[in-house]
Amino acid sequence: MKLQAPKGTRDFYPREMAWQNFLFDAWRKVSVRNGFEQVDGPVFESLDLYKVKSGDGIVSELFHFEDRGGRGMAIRPEFTPTLARMVADRAASLPRPIKWFCMPNFCRAERPQRGRLREFWQWNIDMLGLDSPIADAEVIYTAVDFLREVGLTSSHVRIKLSHRQTVQSILGKLGVPLDRMTEAFALLDRRDKIEEDQFAQQAAVLGLDADSAKRFDEVCRMKYRAGGLDKLRESLAIHDTLDDLRQLDEQLHAFGIADWCEYDLGIVRGLAYYTGTVFEIHETTGAMRAIAGGGRYDRLIELFGGPPTPAVGFGMGDVVISLVLFDKGLIPETIMPRPDVFALALTDAAAKQLAALCIDLRRQGLHTRFSYRSTRSLGKLLKEATACNARYAVILDDKIMERQVEVKDLESGEQWAVGIDQLPQAFSGRARDED
RNA sequence: GUGACCGUAGCUCAGUCGGUUAGAGCACCUGGUUGUGGUCCAGGGGGUCGGGGGUUCGAAUCCCCUCGGUCACCCCA
């Protein structure tokens, strides 16, 4: 093959495109019914915009270029900076809370792996201007609503939750000073990738003695079902009211999604800008990378020059969720657009009327296809009609001269004669009853 | 960006020790036959074996480079 799609990108043939549309439809439908409004921004932004949040180091992860005036530009790798910019620009006039969603494509110059490509589409749900755990819970509820919509259950996937304030409070009581919290979170995130003694050593640098480091590690490995906060508190053996987590827990119950959720203090979410709730959605087997991730980021809008604005949201990429649904056999067979009518001609005289009849049906809004083949074999033509999953076949023979055709219901196999003027009604089933 | 493994038709794969013109099933296309739906029959398109270079009388097969995929790092916004 001489020309191939660039590394980490995909071509969408009709079948893949149909799936993509199916997924997008589900994202949009769920977003809208939960009260979110769709937005979007430019595919590329000023390079500087991405440095604001992530620093200069981000540049190597971006596809970037100079425009003809020498200005640094980058193809968007995420939506949050654009969102922050949009909110900051109209902060005074937007009604609160702001509930927005989008499903744009992003590009990141990373090494592709399973579930991780260089171009992908991501569903973003964000809720701004409401500093209440209700917002956290509603955002998480929206994710659960989607999971249900595509046929997943709480036995397939789990929402793993943590809370930055809670973990920070625990770490503080174990001896980590406030100014080393960011490092402590980073260590927490890396704990599975480094040796035990290295972990202990690095923990010591942060002010944790051997005993505290061990407890720290233990706490982060335990999982607690929603509602199990008292157990969590006991096992911590640390006096902390866990107020932040407790309020969230109440709301998760109020939204009826507690059985999808589990507390896992080992969930950190890479970047430092999360301020409260953090969560990831994982397949329960744990085999795949996270399906979605998000949390509360109350400082970020300020960082982009807006007024102090509490915010919570998440992103879900199209790649992992598609792999998960494929693995679980949850991709429906019927994602391709289905013709209402497939018209076919059994004689040369009838073939001459085919186009006119189809155009007429199309003008009445019916998805109509016909055969381009010269064969007059009814068997072959019906096979063609079945192959594209048409609902009805319209069979033309010499009776077309008397304005009569046969209509065949391709699901039931029933067939009956219809005058061409009654054709559209024939498909509703009413005309048949009158016969 | 670093390291490891992989790469034969759209898909799943066969291809002996390096040896003639690279194969099968499915899929796709055309027509014939049963006038009524994954039947049967006949025929067809499609591969410079991912690409380039090297070794050799001769390379899908051996060596190097490159592109792509997968896995682990990095990162995961």
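In what follows, every chain begins at residue 1, and chains take the letters A, B, ... in the order their sequences are listed.
You'll find a donor-acceptor pair under 3.5 Å spanning the side chain of Lys380(A) and the base of G32(B), going by distance alone.
Classified by interplanar angle (parallel below 30°, tilted 30° to 60°, perpendicular above 60°), the ring pair Trp123(A)/Phe314(A) is perpendicular. Between Tyr392(A) and Phe427(A), the ring planes are tilted. Angles from 30° to 60° get that label.
Base pairing analysis places U56(B) opposite nothing; no Watson-Crick or G-U wobble pair with both distances below 3.5 Å involves it. Across the strands present, C28(B) finds its partner in G44(B); the criterion is a Watson-Crick or G-U wobble pair with both atom distances under 3.5 angstrom. For C73(B), the paired nucleotide is G1(B), the pair qualifying as Watson-Crick or G-U wobble because both relevant distances are below 3.5 Å. Across all strands shown, G7(B) forms a Watson-Crick or G-U wobble pair, both distances under 3.5 Å, with C67(B). Base pairing of G37(B): no nucleotide in any strand meets the Watson-Crick or G-U wobble criterion (both distances under 3.5 Å).
Across G31(B), A77(B), U33(B), the shortest atom-to-atom separation from the side chain of Ser377(A) is found for U33(B). Picking from U70(B), U36(B), A77(B) the nucleotide with the shortest atom distance to the side chain of Tyr274(A) gives A77(B). The side chain of Leu62(A) has A77(B) as its nearest neighbour among G38(B), A77(B), U70(B).
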Residues His282(A), Glu280(A); criterion side-chain hydrogen bond (donor to acceptor under 3.5 Å, both in side chains); working and verdict: CA-CA 6 Å; His282(A) 285 265; Glu280(A) 289 180 354; 2.6 Å; yes
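Residue whose closest nucleotide on RNA chain B sits further toward the 5' end, between Pro112(A) and Gly379(A): Gly379(A).
Atoms CD (Glu333(A)) and P (G38(B)) sit 18 Å apart, rounded to a whole Å. Rounded to whole Å, atom P of U36(B) lies 7 Å from atom CG of Leu378(A). In this structure, Ile194(A) atom CD1 and C73(B) atom P are separated by 13 Å, rounded to whole Å. The nearest whole Å value for the distance from the CG atom in Leu344(A) to the C1' atom in U36(B) is 10 Å. Summarising the geometry, the separation between CG on Leu382(A) and C1' on G35(B) is reported as 9 Å, rounded to the nearest angstrom. Atom pair Glu384(A):CD and C28(B):C1' shows a separation of 13 Å (rounding to whole Å applied). When the C1' atom of U36(B) is taken as reference, atom CZ of Arg376(A) falls 17 Å away, rounded to whole Å. Across the protein-nucleic acid pair, Arg118(A) atom CZ and U70(B) atom P stand 12 Å apart, rounded to whole Å.
Gly8(A) comes within 4.0 angstrom of the backbone, heavy atoms only, and of no base. Nucleic acid contact class of Gly315(A) (heavy atoms, under 4.0 Å, all strands): none. Base engagement by Ile58(A) is indicated by at least one non-hydrogen atom pair under 4.0 Å involving a base atom. Using a 4.0 Å heavy-atom distance criterion, Gln415(A) is classed as a base contact. Among the protein residues, Thr386(A) comes within range of the nucleic acid bases, having at least one heavy atom under 4.0 Å from a base atom. Within the 4.0 angstrom heavy-atom criterion, base atoms lie near Arg111(A).
Across the C1' atoms, U2(B) and A24(B) are found 41 Å apart, a figure rounded to whole Å. Distance check on atom P: U61(B) versus G15(B) gives 15 Å, rounded to whole Å. Only the P atoms considered, C62(B) is 28 Å distant from A72(B), to the nearest whole Å. The P atoms of U39(B) and C26(B) are separated by 11 Å, rounded to the nearest whole Å. The P atoms of C67(B) and G52(B) are separated by 15 Å, rounded to the nearest whole Å. Atom C1' of U30(B) sits at a distance of 35 Å from the matching atom of G68(B), rounded to the whole Å. Comparing G38(B) with C29(B), their P atoms sit 15 Å apart, to the nearest whole Å. As rounded to the nearest Å, U66(B) and C11(B) have P atoms that lie 26 Å from one another.
Although no hydrogens or angles enter the test, the distance criterion places a donor-acceptor pair under 3.5 Å between the side chain of Thr386(A) and the main chain of Leu382(A). Remark: side-chain polar atoms of Arg369(A) are not paired, donor with acceptor, to backbone N or O of His367(A) under 3.5 angstrom. Judged by distance alone, the side chain of Lys53(A) and the main-chain N or O of Leu303(A) form no donor-acceptor pair under 3.5 Å.
The phosphate of G31(B) (OP1 or OP2) has a side-chain N or O of Ser374(A) nearer than 4.0 angstrom. Contact annotation: Thr375(A) reaches the phosphate of G32(B) (side-chain N/O to OP1 or OP2, under 4.0 Å). Contact check, Lys383(A) against U39(B): a side-chain N or O comes under 4.0 Å of OP1 or OP2. In this structure, Lys7(A) reaches the G68(B) phosphate: one of its side-chain N or O atoms is under 4.0 Å from OP1 or OP2. An OP1 or OP2 oxygen of A72(B) is reached within less than 4.0 angstrom by a side-chain nitrogen or oxygen of Gln113(A).
Ion pairing between Asp264(A) and Lys223(A) holds under the 4.0 Å rule for side-chain N and carboxylate O.
The ring-ring contact (aromatic ring centres under 6.0 Å, His included) test applied to Phe326(A) returns no partner, not counting sequence neighbours.
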